[in-house]
2 protein chains.
Amino acid sequence: MAQITSRRSGGRRERMAARTARQSIAAPYTMRQIGPVSLINEESVAIIERNADRILDKIGMDFRGDPETLELFRKHGARVDGERVRFDPGWCRDKIKTAPPVFTQNARNRARSIQIGGDAQVFAPSFGSPFVHDMENGRRYATLEDFKNITKLHHQLGAVNHSGGVVVEPVDIPVPLRHLHMAHTHLTMNDKPFMGAVTAPERARDTIEMCKIAMGEDFVKNNCVLYSVVNTNAPLVMDETMLWALKEYARAGQCTVVSPFVLGGAMSPVSIAATLAQVLAEVMASVALIQLIRPGAPAVFGTFFSPISLKSGAPTFGTPEGTQFQMCAKTLADRLGLPFHSVGSLTSSKIPDAQAGYESQAQLMGATMAGVNFIIHATGCLEGLLTTGYEKIVMDADRCAAMQRFTQGIDFSEAAQAMDAFFEIGPGGHFLGAQHTHDNFETAFWMGNMSHDGTFEQWTAEGGLWQHQRATDRVKQLLDGYEPPEMDLAIREALDEFIIRRSREIEGEKT
Amino acid sequence: MAQITSRRSGGRRERMAARTARQSIAAPYTMRQIGPVSLINEESVAIIERNADRILDKIGMDFRGDPETLELFRKHGARVDGERVRFDPGWCRDKIKTAPPVFTQNARNRARSIQIGGDAQVFAPSFGSPFVHDMENGRRYATLEDFKNITKLHHQLGAVNHSGGVVVEPVDIPVPLRHLHMAHTHLTMNDKPFMGAVTAPERARDTIEMCKIAMGEDFVKNNCVLYSVVNTNAPLVMDETMLWALKEYARAGQCTVVSPFVLGGAMSPVSIAATLAQVLAEVMASVALIQLIRPGAPAVFGTFFSPISLKSGAPTFGTPEGTQFQMCAKTLADRLGLPFHSVGSLTSSKIPDAQAGYESQAQLMGATMAGVNFIIHATGCLEGLLTTGYEKIVMDADRCAAMQRFTQGIDFSEAAQAMDAFFEIGPGGHFLGAQHTHDNFETAFWMGNMSHDGTFEQWTAEGGLWQHQRATDRVKQLLDGYEPPEMDLAIREALDEFIIRRSREIEGEKT
């Protein structure tokens, strides 16, 4: 029998204090008190690692469009042939050793800074949807206003520890300017940490510059303030756009997540065992590159795995294989001493229906139990990330809070054992009036705010609303009640000026 | 790090064969290939066991309305004071040793018989709702026709291993006759195993008699054919109705599940640690009684735990504590050498909305990962079991199938590693045409039938249906396509005659 047991001692008082803190929206992230669930034994780990080594040695990986990278690899002993790079077994693992297993991503508001790696678990918004959906207006292309609204929501949702990156694509803004408005929104409308642009090297540089304005140049030079996701182009390719972003962030000492995006059966063989080896190979080679560029730069082992449907060829979510894959990949990341980043509440449903609920909960609970350090797409996903749902954001956030409580483990202290209560009440009584109940009922059990637990009669009297309808109301309440985080006026003006100046420059470059 | 690893070796061929069998509706139950997740360490187990012993020793449990039971306890050395029975530490544990850790519940169709205990995992329908709900007719009192329809659905749903018990209350049938019609429906309209009535001793006897007609008198005398759930009246009471049912089934060598029904904070102290001790105490005393009545009679450790809402006093579902409790209680059941029975897809939602999806998936995934041997309420629950939803049954069943696949673990065989495919495809290619994909795509990944995975455009063209709307169609298809299982005509006539005769007798008794 596998046991996942409490990791820490520490008195009940500390735990209660921590719990209370966690329930306020100030808690910046969750420290797990229970271990992760792994599904892979040592023998199978050895098989996967050997296969990844063999793939890197005999097949290799393509790093495209950047002679400098190829030269860097060659200089350090990798075997470069055109854009194909091959690695002796153990070479990548050796280079990765300089990556920190645990680090801090600093928020503009330092009280919101997060730990990445170790027992820390961070829940972050969905990324990259071109569409938004809400029940009143349906599905449509997202705009900067949607981007801002979603950032306002995440600023207020205590279970969400991060402001995210491209929370939706603001398609009303020209592509070359989007990164400026996105970083400006994250920095001014939320004070949680956020993600950097990866679509071009100058956009990465602009994002870093804006952080310097907001957080101080020296601070940004010496600390991680951006967390940026670079996808390999599975199988075994990193294209030039991603490569350039990776280089910018690595040089600046900012965090890069290497996250192979894999539709199993299309971009990897149609099995978990094979996909694990491929993903491990891609991550090892890419993180090794980060460490060649700047030894000690924070790097994260990421995965995005979705099995494709046999019927439609479409990605599927909430599947057993999605969770199995995460649980194994986490073990592989631990073996490399890297934090692990993977997906949360994904669904292929187009609307916030029961399918969305089942699939999102399955993915999120799997990610939580796997011990994923940074759970991306924890809120808002619809349609396999093509759409972000307003209602879905607040519905998912409630389930994030439940998962965070789950990882706090169980209180077995003398007070929690409540033996006095049994002697007080005895057989056939009830505990509602017991002293122990009186002392503990407020914090004893997790309570969400998106479930209707009352009677059918109460529910009917309140309008018989489905969860997505209550969520519409909650979204409006949060947007109406939004207050921006404090920001020094000079900083705000400097940020405004920066995006005006850079917009002009970029527009000028174009013409 | 906790590891849950493959328990069995065995070649890939066997696993593939087993997987194929599982996907057809004939697979009678699932054998887990991965271990359960536990959240309680040895030190905490010792605390809970010591507290349960102390409760039974110093406070005791009430067994109401049955002098014979009290005399049986007294004769074997328990301390009886009125209806209160106290037990020396270790006494119950000693008596429980004769209960089998693993046994078979036989179905009328032996190919549907199930193993209870060990690595076996059985998924069973919801139990006890007075109401039914479907999208066309809304919520209403259930009738015998609903009972029959639901039994028809479960006969056809491959992921559901059991026909259940009171799948809904057929309120159009007088209470004293309901058990006859329920057993008749289970025996004639489904050939999976089912549950016995517990509302009166003569009803338990009638159910056993009907099994003898259907399965042979000698067979029923010597084998378990009924699985019946007896709830303690927490805290620390067993009332006379439940006690009499327990006695009937134990005497007949049929299985009794002792399942304390606990709303945490009302019927137990407001903590998991205390509730675990209380439930353990109740189960130990009750299973000891079963073993005094008939040593070796099958008995199961059951739990139904729901934290109450601080706001409304109502039970809540899909909470972190619900899963934490199950994971701990499973460990306690293992320590007693008893199979473990607990709850699946519970929700307090009144309709098949996203709340129902989130909560049901959380409960079901928790139960699956906890290693619950018999997952009751796996399909159909709405409104905290006050209502069974037609659509919810087929929606939940799809998630049961996903969970069953999850417990089969991961194939790390040489074929699954697919190293040839990497050499065949290489960097930048795709695997859709690879030989490995061709050979494996049909069985490689789990595919549900209630999720829409296609594009937004396809979904819109198909009517833009929400999951519960697709479920309405699926329910109709299943009911339209239903064919009853085969039954010998003489048996069918004897069952018909039995319920006519017994109905007359019972009606006569009344007047």
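Residue numbers begin at 1 in each chain, while the letters A, B, ... track the order of the sequences. What you see below is based on every heavy atom in this structure, not just the backbone, and it leaves out hydrogens, waters and symmetry mates.
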Which answer fits B:M365, side chain, backbone, both or neither, if we ask what part of it has an atom under 4.5 Å from a heavy atom of chain A?
both

Cut-off 4.5 Å, heavy atoms of chain A, and the answer for B:M267 is backbone

Contact origin within [X] toward chain B - heavy atom pairs under 4.5 Å:
X      : result
A:M327 : side chain
A:E321 : side chain
A:D239 : neither
A:T455 : backbone
A:N233 : neither
A:I48  : side chain
A:H468 : side chain
A:I308 : both
A:A434 : neither
A:Q324 : both

Pairing of B:E391 and B:R470 as salt bridge, 4.0 angstrom limit
no

Who among A:L263, A:L276, A:I351 has the most heavy-atom pairs with chain B under 4.5 Å?
A:I351

Would you say the rings of A:H452 and A:W466 are close, in the sense that their centroids are separated by under 6.0 Å?
no

